[in-house]
Amino acid sequence: MSEMEKVYNPSEIEARIYADWEKSGDFAPKGAGEPFAIVMPPPNVTGALHMGHALDDTLPDILVRWRRMLGDNVLWVPGTDHAGIATQNVVEKKLAQDGRTRHDLGREKFIEEVWRWKEEYGGRITSQLRLLGASCDWAHERFTMDEGCSRAVREVFVELYKKGLIFKAPRIINWCPRCHTALSDVEVEYEENAGKLWHLRYQLAENPKKYLVVATTRPETLFGDTAVAVHPADERYQDLIGKEVLLPLTDKKIPIIADEYVDREFGTGVVKITPAHDVNDYEVGKRHKLPALAIMDTSGLLNENVPLRYKGLDRFKARELALTDLEEKGLLDSVQDYENKISRCYRCHDVIEPYLSPQWFVDMPKLAAPAVEAVRSGRLKFYPERWSKVYFDWMENIREWCISRQIWWGHRIPVWYCECGEIICAKDDPQTCPKCGSDKLTQDADVLDTWFSSALWPFSTLGWPDAAADLKKYYPTALLVTGYDIITFWVSRMITMGLEFQKEAPFHKVVIHGLIRDEHGKKMSKSTGNAVDPVELIKEYGADALRFTLASMATAGGQDLKLAASKVLASRNFMNKIWNVARFVLLKLADNKFSAEKSPADEWILSRYQQVIQKTDSALRNFYFGDMALGLYDFVWNEFCDWYIEMSKLGLHKETFLTVFNGILRLLHPLTPFITEEIWAKLGNAGKVINANWPQADKALLNPAREKKMAVVIELIRAVRNIRAEMNVAPAKKADLIILCGDPAVAEALTEAKPYIQQLSGVEKIDLAARLAAKPRNASHAVINGAEIFVPLDKLIDLQAEIARLEKEKNKYQTEINRIKNKLANKSFIEKAPPEVIEKEKEKEKDYAEKFKIVEEQLKALAAS
RNA sequence: GGGCAUAUAGCUCAGCUGGUUAGAGCGCUCGCUUCACAUGCGAGAGGUCCGAGGUUCGAAUCCUCGUAUGCCCACCA
């Protein structure tokens, strides 16, 4: 038997145990049980493990370990995401250190560079997942740009293209001038902005003394204006419709048009129309056949379509200059403060530019219906249910999904253009044009949105497009666990693609958890410096402590989790507690002195144990991770350790002890896999706990009568301890105890428990009587359910203190009695409440009344003495 | 402009389907080197369950309104 330190030290143990699990193939699917598959949300290859991942992977690991112990055929598929823009940014930054850009390398060399980078650093996140204890099957590890995933992407693209569900068209899209690419709508973040509303004067061409006032938040875009618009029914401007204004700072004339889009109430009711730089204006422009004049390049610098003075200026510099110039010319009418939203790139946070350009789109509006129906019908459920609302809101108002990105790292769009004008979309690279036979084919330069390959993850990782055995066995997967922040990015698109290509949604259940925040509820981020590094926490407290903390905070409502170091510390202490129970067991096994018979404490803990099994099961079935963790914490610490072990020190029944403690290890294993595995081995159990059977509750061991008796015993011990503490009886001093108990059942329970009472309340002599000739003098007194107790004191009793104690007690009972009396006096309560509720109230009243009477008598006795 | 969520002890939160003596962890007070554990043990203090109405025999729990906070969505310059 190996030595165990007093303090649990996880670091060496965790590394050793994980290596053993992995080496032994303990994570591989096996057995004839039901298939139970989960795909891991693939973290970015560029990433390091953050608290979000820690939660995202702890929760499924709990489920996966649980199902494995239940005998299911469990597959948890790990993998990483190529994370197009993010990864490209990282590698570009690295190049920048040597003063190089990706253009210096050229596309091919640059991509090679990224692959090299991925080989070298991409393993960091997966090694960190191992630190966390994630029991995923590494043999199934995938990468969104590996061979199989790439084939799946092409297959899907080509199929959708053929059906017209993927197309290329000019649209106003979200353009990031820093990343030089288009973004989808979900990749844009909005931020409150204390901006200005500038009122500009557009002079009438026919009479420059007159002018229209146009309100805008973006004066620099005026160079792209190709009209100003008013509402067709706006009386103020009726006679101006069809006439022209002079575009300020230029020598252009642009028409005044009428369009219902204009809000008469807003500003002056006159809008500048800039079709190339605003979504709404683009629509207006189309209706009125206005030209769309782009005035910016892809970096957000003004181009040749503006007066020379502004050409090459950054958009914000150009704004300043334009405003100065307008003011000088007397064309700046007024300026107002104006609150609006500013859109930013979710990657680099640069300000997004609405930009007219041809891009590739998935026609989501045509694909969405089955995905909505799957959830409406209940075939696919969100937990908690309210998240389905977010899903519906998104899916029922879905727009075209812009999937082309003007970067280099990613799945290249499988479309080629022939010099004859033919467009070829193919799964395999075409050599010649099927129409003209030319071999001068140029592939589309763009790559796909990273989320395009993520959308296929549940089936691409299982071997599709081949008719793979894994796909057949594990699709649809059992469930998905993820944060609410990617319902739109990922969940909705996986459901859509799963239904389109597999005819079934990729999972039946979506378990949504909250987001990790710092202690004060602030979003964790590197820039604010409040991010907690899970790897650091694991180093300091152990992976089990971190996992236990995260699970205990993942409550039924799915609220955000505020992570405080004090909580991890508390979990660490709990691990230490368990560790020390194990040390205790080992000591006792070494002593080899056991009781032959089960004691009342044994019966009691066995009964409680059955209930904790049931509670744990039901918590897991409902994804109430917090309930599971807290339920086990409470059972282990407050029942098993505080009462059962303490009582067992009088005589330990080996079988009961080991049954319950091994049961605890198994129940805790999904939460805290390392320490339970280590202790499992130390106790000499066969095999590993990771492969052990999940405990089954045995109803025959439920023992309500024993629990009731034990409740009285515990109440009595607490009462004695309370007296000792309050009356300052020295802890080492053995006291006497006189119990006055007229209830034979209670008397029996207490008699039986005499050794426990002596052991746990520091009492030597116990007298139990049905009645007393005279109540003891100079004794402190308390009343419990069915009995009253006296603790004679050496020194003269502190009358004041004793009276104060009893008065407090009396008042408490009085309050309760009054409450219940009122309730019972209420006629409608008696008439309408269920009989068992009334019965319960009456019983309570009786108990309180009895206690009240006893305390009152005692007070009288004290007063008389 | 829509929607969602939250408001319970000093702090962070449980309390899921109305009946609890309203709980936990941390913190606080008092006392303990009790032979598994001071990362511990024992005993305590601490709560108008955000406010106002309502439903009900009964509300922290359900409904309405309000206040505060957080988040998401939305093309009004």
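These figures come from a predicted structure and were not determined experimentally. Naming convention: chains lettered A, B, ... in sequence-line order (proteins, then strands); numbering from 1 in each chain. Any value given below was found using the heavy atoms of this structure, including those in side chains, with hydrogens, waters and symmetry copies removed.
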When all nucleic acid strands are considered with a 4.0 Å heavy-atom cut-off, which category describes A/W637: base, sugar-phosphate, or nothing?
sugar-phosphate
Does the plane of the ring in A/Y8 sit parallel, tilted or perpendicular to the ring in A/W579? Use 30° and 60° as the thresholds.
tilted
For the pair made of CG in A/L569 and P in B/rA38, what is the distance, rounded to whole Å?
15 Å
Taking only the side-chain heavy atoms of A/K812 (C-beta and beyond), determine which of B/rU21, B/rU6, B/rA36 contains the nearest atom.
B/rU21
Students often get this wrong, so: under 4.0 angstrom with heavy atoms, is A/K827 touching a base, only sugar-phosphate, or nothing?
nothing
d(NZ, A/K567; P, B/rG27) in whole Å:
14 Å
Please work out if A/I273 contacts a base, only the sugar-phosphate, or nothing of the nucleic acid, heavy-atom cut-off 4.0 Å.
nothing
Under 30°, 30 to 60°, or over 60°: which ring-plane class applies to A/Y633 and A/F574, parallel, tilted or perpendicular?
tilted
Sugar-phosphate, base or nothing in reach of A/Y261, heavy atoms under 4.0 Å:
base
For A/F574, answer base if it contacts any base atom (sugar-phosphate contacts may also be present), sugar-phosphate if it contacts only those atoms, and nothing otherwise; contact means non-hydrogen atoms under 4.0 Å.
nothing
Looking at every non-hydrogen atom in both residues, tell me the closest pair between A/I578 and A/F661 and how far apart they are.
O-CZ, 4.1 Å
Quick note, A/E816 side chain, CB onward, closest among B/rC13, B/rC41, B/rU21 is B/rU21
Using atom P of each nucleotide, how far apart are B/rA52 and B/rU67 to the nearest Å?
15 Å
Taking the side chain of A/Y484 as heavy atoms from C-beta outward, which of B/rC26, B/rG3, B/rC71 is closest to it?
B/rC71
Gap in Å between the two C1' atoms, one belonging to B/rA14 and one to B/rG1, rounded:
36 Å
Just to be sure I understand the rule, does A/Y338 reach a base, reach only the sugar-phosphate, or reach nothing, if contact means heavy atoms closer than 4.0 Å?
sugar-phosphate
With the side chain of A/R583 defined as its heavy atoms from C-beta on, choose the nearest nucleotide among B/rC37, B/rU21, B/rU6.
B/rC37
Tell me what A/E646 touches on the nucleic acid: a base, only sugar-phosphate, or nothing, going by heavy atoms under 4.0 Å.
base
Among the candidates B/rC16, B/rA77, B/rG19, find the nucleotide nearest to the side-chain atoms of A/F829.
B/rG19
So if I take every side-chain heavy atom of A/C641 and compare against B/rA43, B/rA5, B/rA36, which nucleotide ends up nearest?
B/rA36
Just to confirm, is there a sub-4.0 Å distance from OP1 or OP2 of B/rA77 to any side-chain nitrogen or oxygen of A/K272?
no
Give a yes or no on this: more than 12 heavy atoms of other residues, nucleotides or ligands lie within 6.0 Å of atom NZ of A/K844.
yes
Any carboxylate oxygen within less than 4.0 angstrom of a Lys/Arg side-chain nitrogen, looking at A/E353 and A/R218?
yes
A/D225 CG to B/rA77 P, straight-line distance once rounded to whole Å
16 Å
For A/E192 and A/K341, which heavy atoms make the closest approach, and how far apart are they?
OE2-CE, 2.9 Å
Whole-Å P distance, B/rC57 and B/rG18
15 Å
Strictly below 4.0 Å: does A/R724 bring a side-chain N or O up to OP1 or OP2 of B/rC32?
no
When you measure from the side-chain N and O atoms of A/N728 to the phosphate of B/rC30, is any distance below 4.0 Å, counting only OP1 and OP2?
no
A/P731 side chain: which of B/rA36, B/rG31, B/rU39 is closest?
B/rG31
Just to be sure I understand the rule, does A/W394 reach a base, reach only the sugar-phosphate, or reach nothing, if contact means heavy atoms closer than 4.0 Å?
sugar-phosphate
Between B/rU55 and B/rC72, how far is it from one P atom to the other, in whole Å?
39 Å
Taking only N and O in the side chain of A/K844, is any of them less than 4.0 Å away from OP1 or OP2 of B/rU21?
yes
Map A/K823 and A/I645 onto RNA chain B by nearest heavy atom, then report which one ends up closer to the 5' terminus.
A/K823
Just compare B/rA5, B/rA74, B/rG44 and give me whichever is closest to any side-chain atom of A/K341.
B/rA74
From C-beta outward on A/K6, which listed nucleotide comes closest to its side chain: B/rC73, B/rA38, B/rG19?
B/rA38
Nearest-neighbour nucleotide for the A/R721 side chain, B/rA43, B/rG25, B/rA36 considered:
B/rA43
Hey, does the side chain of A/K577 come within less than 4.0 Å of B/rC41's phosphate (OP1/OP2), counting only N and O?
yes
Nearest-Å distance for atom pair CD1/P, residues A/I723 and B/rG44:
11 Å
Parallel, tilted or perpendicular: rings of A/F382 and A/Y391 (30°, 60°)
tilted
So what does A/V585 hit on the nucleic acid, given a heavy-atom distance under 4.0 Å: a base, only sugar-phosphate, or nothing?
nothing
Need to verify one output field. Residue with the more 5' nearest nucleotide on RNA chain B, A/N622 or A/P834?
A/N622
Taking only Watson-Crick and G-U wobble pairs with both distances under 3.5 Å, what dot-bracket line describes RNA chain B, where [ ] shows pairs that cross earlier ones and | shows pairs with another strand?
(((((((..((((.....[...)))).(((((.......))))).....(((((..]....))))))))))))....
With rounding to the closest Å, how many angstrom separate the C1' atoms on B/rG19 and B/rA59?
10 Å
OP1 or OP2 of B/rU39 versus the side-chain N and O atoms of A/R572: is any pair under 4.0 Å?
no
Which residues share a ring-ring contact (aromatic ring centres under 6.0 Å, His included) with A/W198, sequence neighbours left out:
none
Using atom CD of A/Q559 as one end and atom P of B/rU8 as the other, report the distance to the nearest whole Å.
13 Å
Report the distance from atom CD of A/E5 to atom P of B/rU39, rounded to the nearest whole Å.
15 Å
At under 4.0 Å between heavy atoms, what does A/R218 touch on the DNA or RNA strands: base, sugar-phosphate, or nothing?
nothing
What does A/K562 touch in the nucleic acid at a heavy-atom separation under 4.0 angstrom: a base, only the sugar-phosphate, or nothing?
sugar-phosphate
Ion pair A/E189/A/R344, N-O distance below 4.0 Å
no
Do A/D560 and A/R517 meet the salt-bridge criterion of a basic N to acidic O distance under 4.0 Å?
yes
Under 4.0 Å, counting only non-hydrogen atoms across every strand here, what does A/K649 touch: a base, just sugar-phosphate, or nothing?
base
Using the C1' atoms only, state how far B/rA5 lies from B/rC13, rounded to an integer number of Å.
15 Å
Counting any heavy atom closer than 4.0 Å, what does A/D263 reach on the DNA or RNA strands: base, sugar-phosphate only, or nothing?
base
Does A/I256 form a side chain to side chain contact (heavy atoms under 4.5 Å, CB included) with A/Y202? I'd like the steps, not just the answer.
CA-CA 10 Å; A/I256 300 167; A/Y202 283 39; over 6 Å; no
Taking only the C1' atom of each, what is the distance from B/rG31 to B/rG25 in whole angstrom?
22 Å
Whole-Å distance between B/rC71 P and A/H513 NE2?
18 Å
When you check the gap from the basic side-chain N to the acidic O, do A/D234 and A/R236 get nearer than 4.0 Å?
yes
Can you tell me how far C1' of B/rA38 sits from CG of A/N573, to the nearest Å?
10 Å
What contact category does A/R264 fall into here, base, sugar-phosphate, or nothing, at under 4.0 angstrom with non-hydrogen atoms?
nothing
What interatomic distance, in whole Å, is found between P of B/rC50 and the corresponding atom of B/rA77?
37 Å
